[in-house]
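Just below is one structure, and these are the notes that go with it.
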Amino acid sequence: MPVSIWWIRRDLRLDNNAALEAAQKSGLLVLPVFILDDHLMKPSLSRRHRFLLEAIINLKEHLAARGSGVVIRRGDPLEKMRELVCETGATSIFAEEDFTPYARQRDEVIKKHLPLKLTDGLTIHHPTAVLKPDGSPYTVFTAFSRKWRSLPVVFLSTRPRDCFLPANQIPYSDSMPEFAPVADFPGTRKEAETRLTRFIDASSHTYHEYRDRMDLDGTSGLSPYIRFGLISASEVINRLRSDKITTLPAGFEVFNNELIWRDFYHSIIFHFPFVRETSFREEFRKLVWRNAPSDIQAWKEGRTGYPVVDAGMRQLKQTGWMHNRARMITASFLTKDLLINWQEGEHWFMDQLVDGDLAANNGGWQWAAGTGTDAAPYFRVFNPVIQGKKFDPYGDYVRRWLPELREIRGGRIHEPWLIPEYELARAGVQLGVTYPLPIVNHSQARERALHAYQSAGR
DNA sequence: TGATACTTTGC
DNA sequence: CAAAGTATC
Ligand SMILES: Cc1cc2nc3c(=O)[nH]c(=O)nc-3n(C[C@H](O)[C@H](O)[C@H](O)COP(=O)(O)OP(=O)(O)OC[C@H]3O[C@@H](n4cnc5c(N)ncnc54)[C@H](O)[C@@H]3O)c2cc1C
């Protein structure tokens, strides 16, 4: 019996899914397929892959509840898709378009051999829909966002009917790899909805003020869910407005802007795929970075001696998530204070983050390093102490992630080296022993970075 | 979506 | 002399 394949990639949801909707509209029964591309899973299962696997199981349960299922095959996508088309007589394959260089090349090849049809949905506006009047892509965020906001947001509310191939006709699946779910991030649609509702109810008038505060839970915590499409960016945007006319409350206005940043970075990776390998700004490709493996190691393990940097890096390592402000601070510290190639940081984040995403992560790193589109100017060097005092004023964030400093009270925790020794001793702290002294002097490191960037810049 | 060194303001 | 403003990186 001919079927249509819904090829699930990073759109792990049934509702408001354009690829699934297109498959259903074909009029044939829909066979949901997920291909575990082993090449993406190497060398070992990272957190985002564990999250993905749990989300697949959750989706499978939803499909089972509808009397269907999902085929899971492991291997090369073209090969496996060919197999499935042969086995099932599928006449078309529907999938949500993905903009990474790897995904585009993969899909390009598959399109030559199989009836693959791609739909929009990863971003709110397609990268080719947000262009300058002359048709070229934007490289400055504010200009991009102005154009983005001028476009009408069309939200197609869809929910699949009984269109799925019955369970007894679903072909065999390969075994799933063993994995442990990611603590704190249940990979379910229900959890995504819960988080969105909680955020909508709590943050319409506070997000813009709380989002930078590392000591508060002022953000949505939706990033891995959006990353793998358990909920889409469009679904999220759609929930911000209770009716179409009113302007957004201040908090949601800023939140909306964050989702535009997301579209912006997807657009950058689409139009400038080379940023995956190298700096967007050509003049910084010849920047001479330091080769300092022990500094990289100290940064990864959160023992740089700057409490706010170390707190962020410990949060990352322990949970797979880091507050946005902490991502900016730790990225600035690695690239400016330690003068280490931003790609080192990019790879470590990708390895650790449960929401790890090439477009957003590469964009964030190139922004922090000053090498990207519309990046922070190279001379914008974060002072980790000032950032800490400003965005973790009472030191609660640091105490949460650095148990060895937990007995130090208040915002002074951001500069433990200024606290008298007897007081540190009372808190069980001995600098250089229980907690490191700063591995670099910030003001000297800042000068060093300015010089290096300056000489590369001309 | 900075920081710093230096100058000016205002009490 | 602290706060506020400004030029520069
Ligand atoms: C160096 C660096 C690396 C980053 N790497 C990633 C990454 O791998 N994956 C990722 O999703 N985000 C990344 N970000 C962006 C941002 O830090 C996270 O999206 C955010 O912290 C996730 O938490 P949240 O869902 O609570 O965010 P919220 O503040 O609730 O934001 C809502 C959503 O908007 C999107 N978003 C917010 N900020 C950004 C941004 N600056 N760029 C792109 N999308 C954004 C995310 O989808 C996020 O879930 C990175 C930022 C930096 C500075």
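To find a chain, count down the sequence lines: A is the first, B the second, and so on, and within it residues start at 1.
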Whole Å only: how far is the [atom1] atom of [X] from the [atom2] atom of [N]?
X	N	atom1	atom2	value
A:Tyr453	B:dG2	OH	C1'	14 Å
A:Ile329	B:dG2	CD1	P	9 Å
A:Gln444	B:dA3	CD	C1'	17 Å
A:Lys336	B:dG2	NZ	P	10 Å

Sequence neighbours left out, what passes side-chain contact (heavy atoms from CB on, under 4.5 Å) with A:Ala55? Give chain and number order.
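Once residues adjacent in sequence are excluded, the partners of A:Ala55 under the side-chain contact (heavy atoms from CB on, under 4.5 Å) criterion are A:Leu12, A:Leu230.
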Worksheet item: Going by atom types only, do A:Tyr435 and A:Asp310 share a side-chain donor-acceptor pair under 3.5 Å?
Response: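 Yes, side-chain donor-acceptor contact under 3.5 Å.
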Would you please say whether a donor-acceptor pair under 3.5 Å links the side chains of A:Trp321 and A:Asp184?
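Result is no, nothing qualifies.
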Open item on the list: Need one value for A:Arg211: base, sugar-phosphate or nothing, where a base atom within 4.0 Å counts as base even if backbone is also close, heavy atoms only.
Closed with: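 Here A:Arg211 touches the bases of the nucleic acid.
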Base, sugar-phosphate or nothing for A:Glu447? Non-hydrogen atoms, less than 4.0 Å.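 No contact.
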- Message: For a quick test of reading the model, state the closest non-hydrogen atom pair linking A:Thr247 to A:Arg241 and the distance between them.
- Response: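 Residues A:Thr247 and A:Arg241, closest heavy atoms: CA-NH1, 4.4 Å.
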Between the protein and nucleotides 7-9 of chain C, list the N/O to N/O atom pairs that are separated by less than 3.5 angstrom.
none

_Ring-plane angle category for A:Tyr378 and A:Tyr453, please: parallel below 30°, perpendicular beyond 60°, tilted otherwise._
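Answer is parallel, since the angle falls under 30°.
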query: Does A:Asn383 have a side-chain nitrogen or oxygen under 4.0 Å from the phosphate oxygens OP1 or OP2 of B:dG2?
result: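 No, A:Asn383 has no side-chain N/O under 4.0 Å of OP1/OP2 on B:dG2.
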| Ring centroid separation for A:His442 and A:Phe382, is it under 6.0 angstrom? |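 Between A:His442 and A:Phe382, the centre distance exceeds or equals 6.0 Å.
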